[in-house]
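Heads up, the thing below is written out as structure tokens.
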Amino acid sequence: MPIAPTPVAIQEPQRARLQDVMGPGLITGASDDDPSGIATYSQAGAQFGYTMGWTLLFTYPLMCAIQLISAEMGRVTGRGLAGNIRRHYPAWLLYPLVGLLVVANTINLGADLGAMAAALHLLIDGPTVVYIAGFALLTVVAEVFITYARYASALRWLTLSLFAYVGSVFVVGVPWLTVARNLVLPHISLTGGYLTVVVAVLGTTISPYLFFWQAAEEVEDEKQDPAAKPLLKAPQQAPAQMARMQIDTLVGMGFSNIIALFIMLTTAATLNAHGVIDIQTSSQAAEALRPIAGRFAFTIFALGIVGTGLLAVPVLAGSAAYAVGEALRWRVGLAQRPGRAPAFYGAIALATLIGASLNFTPLDPIKALFWSAVINGVAAVPIMVMIMLMASRKEVMGQFALRPLLKAFGWLATAVMTVAAIGMFATWGA
């Protein structure tokens, strides 16, 4: 009697899930709109109205280029940026760059914790000191003790907090024709004050910690997938992975810049329109909105500061720990258990602790933000030069060395940041 053939189950092709496409690029882009960034964008809108929006159109392709190059380096080599610099360049070059990153991140982290606490204090009257300590403890515990898959998922959800600024734009009302005209035909002033804010926007939008974080998270995601390998070892995976990174980065950086634009528009339509032009912190911007735009706009603006801070603080601490750990050859990674990577997690906790403690020193938080921007601007240039040199070398990237178009935009971004760094000092006393 013939045996009936065993039916073969037909497998339908797997559909790409959103979390498989929207990963490190989305989180990186969203973390760029941290409370410090919100303060910069608020100042731009309050001081110059709708005339600053063009800066975010201008920086978008440059930001996409350098972030995509960083992501590709992580996924191709299986190492983060510091690990690649250590492998291909001398220690005397590596350590100062990592040192600049750590100092800038720590100051920025402290300023963000202070801004989050100030924003929460506006919503719920209470001791700011307790709020700072609470936010610092919450972010450290989350990074150390939550599994990487759940932690990355939580960060993706926190990106939704940025929609607070979408809501605020539609609450306050914006003259969209005026906005569109200024985007495509901007009125650029060559005064010291205007140029200083342009430089601040550039330094806020294109920051070194974003390069290190996105590269490191590409490495993390590759290690979490048993079938994935660095593209140098598995070039057959390249077409799908390169396409994913491109979509992830373009969407993530686009999301970042659109939200930044909405923050500018909110403060332009309210504060600038009512003559309030001196805004130096994100909480000042939220407080100034209350009598002009009403309780609702004030509340969602303040909640956005808290939400973006919860997203950005772990990215700042994490990117510093990745850089230090790779430079010193530690075992690194948020997917590691604390007992297997104690130095890495210790660096996260220490950076957060030092940043939080800056809020209890005589250091002026506004000056701290300024120095953070200065150090970021100075550090960005040599780090971007290193990234471009490494990404162009076949010894580093193999067959995945930079394509001509991406190389052109990457070097253009580096040149722009060089000019911005020079401009930062040229406009120092403006």
Side-chain angles (χ1 to χ4, degrees), residues 24 27-28 31-32 34 36 66-67 69-110 112 139-140 143-144 148 155 203 206-223 312-336 341-355 372-391 396 414 417:
I27 295 170
T28 303
S31 68
D32 191 32
D34 67 326
S36 302
I66 197 66
Q67 290 300 143
I69 293 168
S70 301
E72 288 185 2
M73 189 174 298
R75 189 64 179 83
V76 167
T77 66
R79 287 181 293 273
L81 297 184
N84 276 298
I85 297 173
R86 176 181 56 78
R87 187 179 178 89
H88 298 282
Y89 293 90
W92 62 262
L93 187 59
L94 168 66
Y95 294 143
L97 293 179
V98 171
L100 282 172
L101 175 79
V102 170
V103 170
N105 280 21
T106 303
I107 294 173
N108 203 340
L109 193 156
D112 282 355
T139 54
V140 170
E143 270 190 292
V144 175
Y148 174 70
L155 291 181
I206 302 176
S207 296
Y209 76 90
L210 303 174
F211 317 153
F212 282 83
W213 176 264
Q214 190 164 353
E217 293 314 288
E218 284 293 341
V219 177
E220 288 273 19
D221 283 359
E222 176 258 308
K223 289 179 178 177
V313 165
V315 171
L316 285 159
S319 61
Y322 277 116
V324 172
E326 288 185 335
L328 299 178
R329 303 190 184 204
W330 297 343
R331 178 179 278 124
V332 301
L334 293 171
Q336 300 284 350
F344 171 74
Y345 285 111
I348 288 175
L350 183 61
T352 308
L353 175 64
I354 294 173
S372 174
V374 168
I375 296 171
N376 266 321
V378 170
V381 176
I383 289 172
M384 290 170 76
V385 170
M386 285 293 99
I387 291 171
M388 292 304 301
L389 291 175
M390 287 190 296
V396 180
T414 306
M417 288 306 294

Interatomic spacing from CD1 in I85 to CG in L389 - rounded to 0.5 Å: 10.0 Å
Pairwise salt bridge (charged side-chain N to carboxylate O under 4.0 Å, His left out) hits with a residue in residues 76-92, at least two apart: none
Nearest atoms (heavy-atom pairs only) where L93 meets L97: O-CG, 3.3 Å
Nearest non-hydrogen partners of V219 and G74, listed with the distance: CG2-O, 3.5 Å
Residue pair Y209, D34: steps toward the side-chain contact (heavy atoms from CB on, under 4.5 Å) verdict: CA-CA 12 Å; Y209 76 90; D34 67 326; 4.3 Å; yes
Minimal non-hydrogen separation, N108 against S36, with atom names: OD1-OG, 2.9 Å
Heavy-atom side-chain proximity of T28 to V315 below 4.5 angstrom: no
Residues which pass ring-ring contact (aromatic ring centres under 6.0 Å, His included) with Y322, listed by chain and number, not counting sequence neighbours: F344
Contacts of Q214 that satisfy side-chain hydrogen bond (donor to acceptor under 3.5 Å, both in side chains) - sequence neighbours left out: Q67, T249
Test salt bridge (Lys or Arg N to Asp or Glu O under 4.0 Å) applied to E326 - qualifying residues, sequence neighbours left out: none
Any L328 side-chain heavy atom under 4.5 Å of Y95 side chain: yes
Heavy-atom pair of closest approach, residues S319 and L101: O-CD2, 4.1 Å
L334 backbone acceptor or donor facing E220 side chain under 3.5 Å: yes
Closest non-hydrogen atom pair, L109 against T352: CD2-CA, 3.7 Å
Salt bridge (Lys or Arg N to Asp or Glu O under 4.0 Å) partners for E217, two or more places apart: none
Y345: partners by ring-ring contact (aromatic ring centres under 6.0 Å, His included), with sequence neighbours left out: none
